**Q** 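Pasting a structure below so you can have a look.
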Amino acid sequence: MADNDNVLAAAAGWAGAPMALATVISTWGSAPRPRGSHMLVHADGRFEGSVSGGCVESDILAAAAEVIASGIFQRKHYGVADAAAWEVGLPCGGEIEVMVQPVSAAGFPPVLFIQIAAARAIGQALSVVTDLASGVSAAGPAREGGFANRYDPPRRLLIVGAVQIAQALAGLARELGIATVVIDPRARFLTEERFPGVMLDDRWPDAAVAAHLPGPATAVVTLSHDTKIDDPALAAALSAPTGYVGALGSRRSHAARRERLAAAGVSAPDLDRIDAPVGLDIGAVGPAEIALSVAAAMVAAFNGRAL
C-alpha cells in the first residue's frame with residue numbers, strides 16, 4: 001500500500017492552484033516505491049511525496065512543469081536499460097512507469113481529492129480509476145484498460161494505558177504518520193505534559209475504543225497492566241474488525257487473560273487475534289525498545305505480514 005497522506009494534505013492546502021500529479025503505475029524488480037505512490041507538484045515548483053525515493057524526481061519535476069503548461073498527461077518509463085534512467089539516477093536494478101497528470105478535468109479532477117478525504121474521514125476506502133489512454137481519472141471500480149488506485153483510511157493507533165511505554169510508542173507512531181489516541185480513565189496518568197500533541201481520551205476504555213470505530217486500519221494496544229482497564233478495551237477491540245490488537249504482559253498473564261475474556265464471551269478465534277506478549281521479539285529492554293517492538297509488529301500487521 002502506498003503512503004500518500006502527505007500528498008493528500010498538500011492537495012488540500014494548495015487547492016485552486018495549478019498542479020500536476022505524478023503516480024507510479026507499474027513497477028518491476030527492486031522498484032523503490034510501490035504502485036500508487038504519488039508526487040504532487042505545484043506550479044511554483046514546490047512538491048510533496050515521492051515516486052522513486054529521490055532517483056527520478058528531478059525528471060518528474062520537469063515533466064510536471066510541461067504537463068501544467070500544456071494540460072496534456074505524460075507517461076514516463078525508467079529502467080536500467082534506459083540512458084535517461086542512469087542520467088537521473090535509477091541504477092538500483094528496478095524499473096518504474098510513472099503517469100503525470102494535470103490536476104484538472106482533463107486529468108485528475110480536483111474534486112477527487114475532496115471525495116478521497118471525505119471517504120477516509122469516515123473510515124472508508126475509495127478507489128480511483130484512470131483511463132491510461134486519455135489520462136482522465138474518476139472514482140469507481142476497476143475496469144479494463146484502467147489503472148486503479150485504492151485510498152485506504154489513514155492508519156490509527158489507540159493506546160490503552162497512559163504509561164511510560166505509551167509515551168515512547170506515541171512518539172514512534174507520530175514519526176510513522178499514524179494518528180494516535182491515548183486512552184486512560186486515570187486523570188493523573190493522562191496529561192498533556194506527558195503526551196504533548198497527542199489526542200487524549202479519559203473515557204472508560206471499552207466505551208472509548210468503541211467510539212473510535214476501529215477498523216482494518218486501526219491498531220489497539222493495551223499497556224496499563226490493570227485488568228480493569230485492559231480487558232474491557234480488548235473485548236471492544238475484538239468485537240470490531242480491528243487491524244491489530246496487542247496486549248502487554250507475560251505468556252502466563254496472557255493465559256489468565258484469555259480465560260477471563262473467554263468467560264466474558266469472547267470467542268476463541270477472536271482471542272487468537274491478540275498479539276501477546278505484544279510486539280516482535282527483539283530482546284527489548286526498557287520502555288523505548290518495547291515501544292519499538294510494538295510499533296514494528298503493528299506495521300507488520302498493517303502490511304499483511306504474519307507475526
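Everything numeric in this text was worked out from a predicted model, so none of it was measured.
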**Q** Can Val220 be reached from Leu261 by stepping across I, L, V, M, F, W or Y side chains whose heavy atoms are under 4.5 Å apart?
**A** no
**Q** So, for Phe108 and Phe113, is the gap between ring centers shorter than 6.0 Å?
**A**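 Here the rings of Phe113 and Phe108 have centres that are less than 6.0 Å from each other.
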**Q** May I ask you to test the Tyr78-Ser52 pair for a side-chain heavy-atom distance under 4.5 Å?
**A**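 SC-SC contact between Tyr78 and Ser52 ruled out.
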**Q** Main chain of Arg46, side chain of Asp44: is a donor-acceptor contact present, judged purely on distance under 3.5 Å?
**A**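 A pair under 3.5 Å: yes.
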**Q** Same cluster for Val103 and Met39 if Ile/Leu/Val/Met/Phe/Trp/Tyr side chains link at under 4.5 Å?
**A**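 No.
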**Q** Does the side chain of Arg257 pick up a donor-acceptor pair with the side chain of His254 at under 3.5 Å?
**A** yes
**Q** With rounding to the nearest 0.5 angstrom, report the CG to CG distance, Asp184 to Leu223.
**A** 10.0 Å
**Q** Tell me if a side-chain donor or acceptor on Ser70 pairs with a main-chain N or O of Ile72 at a distance below 3.5 Å.
**A**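 Pair found, side chain donor or acceptor close to backbone of Ile72.
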**Q** Extract all donor-acceptor atom pairs below 3.5 Å that involve side chains of residues 278-294 and protein atoms in other chains or at least two apart in sequence.
**A**
| from | atom 1 | to | atom 2 | distance (Å) |
| --- | --- | --- | --- | --- |
| Asp281 | OD1 | Gly283 | N | 3.4 |
| Glu289 | OE1 | Val285 | N | 2.8 |
| Ser293 | OG | Ile290 | O | 2.7 |

**Q** For the hydrophobic clusters of this structure (ILVMFWY residues joined by side-chain heavy atoms under 4.5 Å, transitively), does one cluster hold both Leu21 and Ile68?
**A**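 Hydrophobic grouping puts Leu21 apart from Ile68.
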**Q** If you measure from CG on Leu176 to CG on Leu169, what distance do you get to the nearest 0.5 Å?
**A**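 Going from the CG atom of Leu176 to the CG atom of Leu169 covers 9.0 Å.
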**Q** Does anything in residues 100-116 form a side-chain hydrogen bond (donor to acceptor under 3.5 Å, both in side chains)? List the pairs, not counting sequence neighbours.
**A** Gln101-Ser137
**Q** Check whether any side-chain N or O of Thr191 sits under 3.5 Å from a backbone N or O of Arg194 as a donor-acceptor pair, and report yes or no.
**A**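 Side chain of Thr191 to backbone of Arg194, a donor-acceptor pair under 3.5 Å: yes, one is there.
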**Q** Evaluate the side chain to side chain contact (heavy atoms under 4.5 Å, CB included) criterion for residues His77 and Glu95: first the C-alpha distance (whole Å), next the side-chain angles of each, then the deciding distance (0.1 Å), finally the verdict.
**A** CA-CA 7 Å; His77 178 271; Glu95 297 180 57; 3.1 Å; yes
**Q** Tell me the ring pair (Phe, Tyr, Trp, His ring centres under 6.0 Å) pairs involving residues 137-174, sequence neighbours left out?
**A**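 Found His38-Tyr151.
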**Q** Please determine which of Val51, Leu132, Asn149 meets the side-chain contact (heavy atoms from CB on, under 4.5 Å) test together with Ile25.
**A**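 Of the listed options, the one satisfying the test is Leu132.
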**Q** Would you mind reporting whether Leu40 and Trp14 have side-chain heavy atoms less than 4.5 Å apart?
**A**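 Yes, close enough: below the 4.5 Å cut-off.
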**Q** Counting C-beta onward and ignoring hydrogens, is there a side-chain heavy-atom pair between Leu61 and Val41 closer than 4.5 Å?
**A**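 They are in side-chain contact.
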**Q** Nearest 0.5 angstrom please: Asp206 CG to Ile183 CD1, how far?
**A**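 Here the interatomic distance stands at 10.0 Å.
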**Q** Check Ala240 against Arg273 and note the closest heavy-atom contact, atom names and distance.
**A**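 Closest heavy-atom pair between Ala240 and Arg273: O-NH2, 3.0 Å.
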**Q** Quick check: does any side chain N or O of Ser26 sit under 3.5 Å from a backbone N or O of Val24, one acting as donor and the other as acceptor?
**A** no
**Q** Specify the closest pair of heavy atoms between Ala105 and Val136, including all atoms of both residues, with the distance to one decimal.
**A**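 Smallest heavy-atom distance, with atoms named: O-CG1, 4.1 Å.
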**Q** Determine, using the 4.5 Å side-chain heavy-atom cutoff (strictly less than), whether Leu157 and Leu238 are members of one ILVMFWY cluster.
**A** no
**Q** Check whether any side-chain N or O of Asp230 sits under 3.5 Å from a backbone N or O of His225 as a donor-acceptor pair, and report yes or no.
**A** yes
**Q** Distance from Leu234 atom CG to Ile229 atom CD1, nearest 0.5 Å?
**A**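 Result: 12.0 Å between the selected atoms.
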**Q** Donor-acceptor pair, Arg174 side chain versus Ala179 backbone, under 3.5 Å?
**A** no
**Q** Could you tell me whether Asp272 and Arg258 make a salt bridge, using a distance below 4.0 angstrom between a side-chain N and a carboxylate O?
**A** yes
**Q** Going by heavy atoms in the side chains, are Thr180 and Ile159 under 4.5 Å from each other?
**A**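 Result yes, sub-4.5 Å side-chain heavy-atom pair found.
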**Q** Is there a side-chain contact between Tyr244 and Val221 (heavy atoms, below 4.5 Å)?
**A** yes
**Q** Look only at the side chain of Arg120 and the backbone of Ala125, and say whether a donor-acceptor pair between them is shorter than 3.5 Å.
**A** no
**Q** Considering all heavy atoms of both residues, which atom of Gly177 and which atom of Asp5 are nearest to each other, and what is their separation?
**A** O-OD2, 4.1 Å
**Q** Can you tell me how far apart CG (Leu158) and CG (Asp201) are? Round to the nearest 0.5 Å.
**A** 8.5 Å
**Q** Do Val181 and Leu200 come close enough that some side-chain heavy atom pair is under 4.5 Å?
**A** no
**Q** Check the pair Phe47, Val7 against side chain to side chain contact (heavy atoms under 4.5 Å, CB included), reporting the backbone distance first and the verdict last.
**A** CA-CA 9 Å; Phe47 69 94; Val7 169; over 6 Å; no
**Q** Does the side chain of Pro277 come within less than 4.5 Å of Leu248's, by heavy atoms?
**A** no
**Q** Please determine whether side chain to side chain donor-acceptor pair (under 3.5 Å) holds for the pair Arg150 and Ser127, giving the CA-CA distance in whole Å, both sets of side-chain angles, and the decisive distance to 0.1 Å.
**A** CA-CA 4 Å; Arg150 177 186 170 97; Ser127 290; 4.9 Å; no
**Q** Find out if a path of hydrophobic residues (ILVMFWY) with successive side-chain heavy-atom gaps under 4.5 Å connects Ile165 to Met298.
**A**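 Same hydrophobic cluster.
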**Q** Going by atom types only, do Arg35 and Thr27 share a side-chain donor-acceptor pair under 3.5 Å?
**A** no
**Q** Indicate yes or no: at least one non-hydrogen side-chain atom of Val245 is less than 4.5 angstrom from one of Asp275.
**A** no
**Q** Got a salt bridge between Arg75 and Glu97, using NZ or NE/NH1/NH2 to carboxylate O under 4.0 Å?
**A**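 Salt bridge flag = yes for Glu97 with Arg75.
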**Q** Please find the pair of heavy atoms, one from Ser224 and one from Gly161, that lie closest to each other, and give the distance.
**A**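 Answer, listing the atom of Ser224 first, then Gly161: CB-CA, 3.8 Å.
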**Q** Is the side chain of Arg156 donor-acceptor paired with the backbone N or O of His212 at a distance under 3.5 Å, no angle test?
**A**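 Flag set: sc Arg156 to bb His212 pair under 3.5 Å.
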**Q** Can you give me the closest heavy-atom contact between Pro232 and Trp204, atom names plus distance?
**A**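 Of all heavy-atom pairs spanning Pro232 and Trp204, the closest is CG-NE1, 4.0 Å.
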**Q** Look up atom CE in Met199 and atom CD in Glu192, then write down how far apart they are to the nearest 0.5 Å.
**A**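 The CD atom of Glu192 is 12.0 Å from CE of Met199, to the nearest 0.5 Å.
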**Q** Where do Val129 and Ala148 come nearest, in terms of heavy atoms and distance?
**A**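 Nearest heavy atoms, Val129 then Ala148: CG2-CB, 4.1 Å.
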